[in-house]
Amino acid sequence: MKDDELIEKLKKIKPKYIDTTPYENRVRQKIEMRFQRARRKRVIFRRLSFVSGVLVVLFFAILMPFIYGRSGEISLLRSGDIIPQVITVEKTIKIIDNVQQPFVYDKETQTIWFIGEINNLYAVFYTDLSGGKTNMLSPAVDNLTGIRGDIKILDDKVYAGIGDYLYVINKKTHEVSIIQLSKEKLPIKNYGVHPIKTLLPLTGDKIIISRDNAYGITFYNPISYHSNNYKLPLDIESPFTIVTDNNKEACFITHFIKTGKIVSGMLNLKNRSVILFNNISATHIFYVDGVFTEFENALFRIDVKNKVFHKIDIETGKNAHYIEGEDGIYIISNSEKGISISKYIPETNTLALFKEFPAECKEVLGIIEKDSTLFLIVPNEK
Amino acid sequence: MEKLSRDRERQIIYNARKDPKQFDALYDTYANSIFNFVLRRVNDTNIAEDITADTFYKALKSIKRFNFRASFSTYLFKIAENEIYRFYRSKKLLPLPINKEFYDVEDPPNVELEGLLQAIEKLPFREREIIRMHFIERKKQNEIAFILNISKSTYYNSMQRALRELKKIVEDDKK
């Protein structure tokens with residue numbers, strides 16, 4: 001068969017057109033039904049969107065505070081005083097005057113790490129308990145303002161913050177890494193410099209860093225260099241002291257942005273909510289087997305769970321001040337006779353009175369206890 | 001229903017975009033040809049009603065997007081063709097046999113209608129549609145390419161292949 005022949009045959013077939021009149025109305029109704037169905041679907045979709053929108057709003061309004069916590073202020077009630085058992089302890093006193101503040105003592109290597117000044121610049125130094133030679137470890141930098149920074153130890157690392165530099169030091173190998181912190185995304189008060197005021201290393205390679213001239217804190221990971229800036233709620237500035245003994249919450253002291261009133265509070269590290277203790281205007285805060293604060297020239301223990309605080313009934317002079325130790329809080333009292341030192345140990349609720357105080361010692365910056373010796377860190381008056 | 005002039009059709013489409021009731025005129029004009037086009041491919045008046053309804057529903061829904069690149073009737077045939085394809089695919093059916101009741105022969109003594117329709121039936125989907133639309137439904141090359149969403153060169157190649165295969169099938173059947 002030729003192509004033309006096939007085409008001719010094909011062309012002779014023609015379609016029959018059946019009369020569609022009986023079907024036309026039914027088709028018209030079916031089209032109308034399709035529009036009605038689409039309209040119904042649109043109404044249902046609109047209602048579902050509305051309901052889901054309401055649910056999302058409810059989720060944020062009701063559930064989020066439970067997930068992320070509620071920030072607020074509470075007034076702690078004063079409860080019964082704690083009366084410690086008094087014991088007398090004899091200790092040999094040794095003076096160390098080559099260490100500057102801030103400092104930190106590493107019990108394991110028996111090394112004192114501190115931030116020291118050299119030619120108007122600041123660097124990390126270390127020394128031992130003999131009070132001998134001090135060694136400068138890191139390069140000296142400008143601390144930008146009068147703020148000296150902070151130094152802390154956690155596990156094998158010494159963390160120091162000077163200016164906007166973070167030093168991470170391996171305490172055994174003395175290997176140093178220096179990180180300049182960015183101020184990008186930091187909730188700042190005004191443009192300028194933002195030196196590190198205080199820092200707090202947490203387990204899991206995280207450091208809480210509080211910087212001057214800012215409203216927030218930074219959660220910094222020195223391994224991944226990842227930082228997460230967090231603006232503190234309740235109109236408060238970045239803390240100037242922050243302490244913890246666990247990874248759940250940290251206590252801090254700061255002040256209100258508007259009034260400048262000093263206030264202490266607690267930051268929940270998990271949900272980042274803040275609770276301010278609005279009737280405790282503390283000057284110092286410690287975390288030694290519990291939260292302790294110094295205000296109105298006395299030492300108090302804060303029981304956050306029960307929203308109460310207890311005064312530790314210790315007789316001190318008017319100018320007493322408190323220093324955090326490894327297992328207790330040292331109370332330095334000035335009297336006409338000289339300085340007297342005692343230590344409150346929360347674990348046993350004991351007040352240890354130390355004998356033999358050097359009359360020539362006027363000011364104590366810090367205390368290190370080793371075996372039967374008390375090392376008093378005093379300012380170098382030379 | 002009378003065939004609409006190009007200008008009149010254009011005017012109705014513009015009006016239908018604002019007032020869907022104006023679409024009635026387009027429905028009245030093309031319902032018959034679309035219904036028959038569908039019926040020849042599905043062999044069932046109920047299914048043909050549904051597919052015709054879907055075709056006009058979709059055409060009205062998307063009338064704002066119609067861009068006059070082809071005539072409105074070609075646009076409707078394209079939607080109808082897609083709906084037929086979708087119907088077969090959703091039901092997982094093979095195309096139904098061609099029903100000779102929907103076809104006629106101009107000069108009966110020279111054409112074996114049934115044999116030729118059976119031969120067309122054996123062609124693949126695209127080739128079958130090209131033969132059907134071109135030789136039987138007398139649609140133009142541009143229209144067929146638009147309906148099947150293929151280029152003109154693809155259309156030309158498919159047509160050559162379809163004729164070759166059809167000739168072979170007819171000759172094999174004769175043997």
Side-chain angles (χ1 to χ4, degrees), chain A residues 1-68 184-185, chain B residues 1 20 23-24 27-28 31-40 45-46 48-61 98-108 110-113 115-117 119-120 131-138 160 162-164 166-168 170-171 174:
Chain A
M1 187 190 274
K2 286 179 184 171
D3 279 2
D4 295 347
E5 211 178 313
L6 178 68
I7 290 168
E8 279 309 310
K9 276 189 176 180
L10 283 170
K11 280 182 177 174
K12 288 196 171 159
I13 302 172
K14 61 175 190 179
K16 266 189 203 168
Y17 279 85
I18 65 157
D19 181 22
T20 54
T21 321
Y23 309 111
E24 269 186 30
N25 273 337
R26 278 222 298 276
V27 174
R28 210 183 278 272
Q29 281 168 3
K30 282 183 178 178
I31 297 171
E32 184 54 37
M33 270 168 54
R34 275 155 181 72
F35 272 102
Q36 279 174 4
R37 204 188 301 155
R39 214 170 292 139
R40 273 203 302 276
K41 272 187 188 170
R42 265 205 310 277
V43 170
I44 291 168
F45 178 75
R46 215 174 292 148
R47 282 179 190 164
L48 276 177
S49 319
F50 176 75
V51 170
S52 53
V54 169
L55 283 176
V56 168
V57 169
L58 281 176
F59 175 79
F60 278 100
I62 298 168
L63 295 179
M64 291 296 269
F66 288 106
I67 297 166
Y68 290 103
E184 199 184 336
K185 291 182 182 171
Chain B
M1 191 75 187
F23 192 77
D24 265 3
Y27 176 76
D28 290 338
N32 187 25
S33 52
I34 295 294
F35 185 85
N36 275 287
F37 176 86
V38 176
L39 185 61
R40 280 195 291 276
T45 51
N46 274 326
E49 277 175 19
D50 280 338
I51 293 178
T52 309
D54 283 335
T55 303
F56 281 96
Y57 166 71
K58 287 192 175 169
L60 179 55
K61 226 173 76 171
I98 294 172
N99 191 340
K100 65 173 184 177
E101 284 174 23
F102 302 126
Y103 297 91
D104 212 347
V105 184
E106 283 176 352
D107 194 358
N110 297 327
V111 178
E112 295 147 350
L113 173 68
L116 208 49
L117 287 177
I120 294 171
I131 294 285
R132 217 190 238 191
M133 283 192 236
H134 183 85
F135 294 109
I136 303 171
E137 291 164 352
R138 308 282 158 86
Q160 294 302 316
L163 282 172
R164 220 169 30 239
L166 186 63
K167 198 171 125 187
K168 198 179 161 205
V170 170
E171 282 171 355
K174 270 185 182 174

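Labels below follow one simple rule: chain letters A, B, ... track the order of the sequence lines, proteins then strands, and each chain is numbered from 1.
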Would you be so kind as to tabulate the donor-acceptor pairs closer than 3.5 Å made by side chains of residues 18-28 of chain A, with sequence neighbours excluded?
| from | atom 1 | to | atom 2 | distance (Å) |
| --- | --- | --- | --- | --- |
| A:Asp19 | OD1 | A:Thr21 | N | 3.2 |
| A:Asp19 | OD1 | A:Thr21 | OG1 | 2.5 |
| A:Asp19 | OD2 | A:Thr21 | OG1 | 3.3 |
| A:Thr20 | OG1 | A:Glu24 | OE2 | 3.3 |
| A:Thr20 | OG1 | B:Asn32 | OD1 | 3.0 |
| A:Arg26 | NE | B:Glu49 | OE1 | 3.0 |
| A:Arg26 | NE | B:Glu49 | OE2 | 3.0 |
| A:Arg26 | NH2 | B:Glu49 | OE2 | 2.5 |
| A:Arg28 | NH1 | B:Asp24 | OD1 | 3.1 |
| A:Arg28 | NH2 | B:Asp28 | OD1 | 2.7 |

Which pairs of donor and acceptor atoms, one on a side chain in residues 31-49 of chain A, lie under 3.5 Å apart (sequence neighbours left out)?
| from | atom 1 | to | atom 2 | distance (Å) |
| --- | --- | --- | --- | --- |
| A:Arg34 | NE | B:Asp54 | OD1 | 2.3 |
| A:Arg34 | NH1 | A:Lys30 | O | 3.2 |
| A:Arg34 | NH2 | B:Asp54 | OD1 | 3.2 |
| A:Ser49 | OG | A:Phe45 | O | 2.6 |

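Ranked by heavy-atom pairs under 4.5 Å with chain A, the list B:Leu117, B:Thr52, B:Ile120, B:Thr45 is led by B:Thr45.
Within 6.0 Å of atom NZ in A:Lys16, more than 12 heavy atoms from other residues, nucleotides or ligands are found, so the atom counts as buried in its surroundings.
For the pair B:Phe135 and A:Ile7, the minimum side-chain heavy-atom distance is below 4.5 Å.
Between atom CG of residue A:Leu6 and atom CG of residue B:Leu166 there is a gap of 5.0 Å, rounded to the nearest 0.5 Å.
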